[in-house]
Amino acid sequence: KARGAEIPASFWTDPLMYQGGSDDFIGPREDIALPSDKWGIDFEAEVAVVTTDVPMGVEPAQAAEHICLLMLVNDVSLRGLIPGELAKGFGFFQSKPASAFSPVAVTPDELGETW
């Protein structure tokens, strides 16, 4: 809705992934800078999954074997910059500043049957 686009049917069946810049992260209790209110800041609670190298085209069952850690992430978006970036056809980058990760990560086995 923020982009004024319809949700494709594949949204409900295919994994949703975003790969952004990984050169900077925000600490779990650090302030999040917003240089301009016009950029429209938004926070999204998400689950971060840390993996070993996952071979391209691997089946879901085998992909799960590569999961090492799980944690929460406060994904930051600058909604005011997104439409202009997406209009260029290359996706997010400037509108996705550094994210903040939880101070704790767990392994899938620590979650037991709930995983």
Side-chain angles (χ1 to χ4, degrees):
K1 288 183 178 183
R3 292 181 255 170
E6 293 295 320
I7 297 175
S10 63
F11 177 85
W12 305 106
T13 57
D14 297 345
L16 182 60
M17 293 177 48
Y18 158 74
Q19 181 175 342
S22 60
D23 63 331
D24 190 24
F25 298 108
I26 302 169
R29 293 179 182 85
E30 286 184 56
D31 290 339
I32 298 172
L34 179 62
S36 171
D37 289 342
K38 294 177 184 176
W39 292 1
I41 198 164
D42 181 41
F43 307 106
E44 302 167 8
E46 296 181 0
V47 176
V49 179
V50 179
T51 67
T52 61
D53 290 336
V54 181
M56 185 181 288
V58 69
E59 294 294 321
Q62 286 84 30
E65 295 171 9
H66 294 274
I67 297 173
C68 298
L69 297 170
L70 303 154
M71 64 183 98
L72 298 177
V73 60
N74 184 359
D75 179 50
V76 181
S77 297
L78 301 175
R79 296 287 175 205
L81 300 181
I82 290 174
E85 274 197 310
L86 292 181
K88 296 173 187 169
F90 286 103
F92 304 112
F93 196 73
Q94 292 176 329
S95 58
K96 299 297 282 186
S99 296
F101 290 91
S102 61
V104 176
V106 298
T107 58
D109 64 302
E110 290 178 288
L111 299 176
E113 291 183 23
T114 58
W115 174 244

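If you read the sequence from its start, that first residue is 1, and numbering goes on from there. For the numbers below, each heavy atom of this structure counts, side chains included, while hydrogens, waters and symmetry mates do not.
Going from atom OG of Ser95 over to atom CG of Leu78 covers 6.5 Å, rounded to the nearest 0.5 Å. Of the inter-residue distances, the one linking Thr52 atom OG1 with Glu65 atom CD reads 9.5 Å to the nearest 0.5 angstrom. Summarising the geometry, atom CG belonging to Leu81 is positioned 11.5 Å from atom NZ belonging to Lys96; distances are rounded to the nearest 0.5 Å.
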Which pairs would a plain distance check flag for residues 32-49, meaning a side-chain donor or acceptor within less than 3.5 Å of a matching protein atom at least two apart in sequence or in another chain?
{"unit_1": "Ser36", "atom_1": "OG", "unit_2": "Lys38", "atom_2": "N", "d": "3.2"}
{"unit_1": "Asp42", "atom_1": "OD2", "unit_2": "Arg79", "atom_2": "NE", "d": "3.1"}
{"unit_1": "Asp42", "atom_1": "OD2", "unit_2": "Arg79", "atom_2": "NH2", "d": "2.9"}
{"unit_1": "Glu44", "atom_1": "OE2", "unit_2": "Arg79", "atom_2": "NH2", "d": "2.2"}

Result block: side-chain N/O donor-acceptor pairs under 3.5 angstrom for residues 108-115, not counting sequence neighbours:
{"unit_1": "Asp109", "atom_1": "OD1", "unit_2": "Thr107", "atom_2": "OG1", "d": "2.5"}
{"unit_1": "Glu110", "atom_1": "OE1", "unit_2": "Thr107", "atom_2": "N", "d": "2.6"}
{"unit_1": "Glu110", "atom_1": "OE1", "unit_2": "Thr107", "atom_2": "OG1", "d": "3.1"}
{"unit_1": "Thr114", "atom_1": "OG1", "unit_2": "Leu111", "atom_2": "O", "d": "2.4"}

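Shown here are the side-chain contact (heavy atoms from CB on, under 4.5 Å) partners of Val54, two or more places apart in sequence or in another chain: Thr51, Val58, Ala63, His66.
Heavy-atom minimum distance, Pro103 versus Pro28: CD-CB, 3.7 Å. Of all non-hydrogen atoms in Ser99 and Val73, the two that sit nearest each other are CB-CG2, 3.7 Å.
Counting only residues at least two apart or in different chains, side-chain hydrogen bond (donor to acceptor under 3.5 Å, both in side chains) contacts with residues 53-62 are absent.
By the criterion of side-chain heavy atoms lying less than 4.5 angstrom apart, applied directly or through intervening Ile, Leu, Val, Met, Phe, Trp or Tyr residues, Leu69 is not grouped with Leu72; the two fall into different hydrophobic clusters.
Between the side chain of Glu85 and the backbone N or O of Gln94, at least one donor-acceptor pair lies under 3.5 Å.
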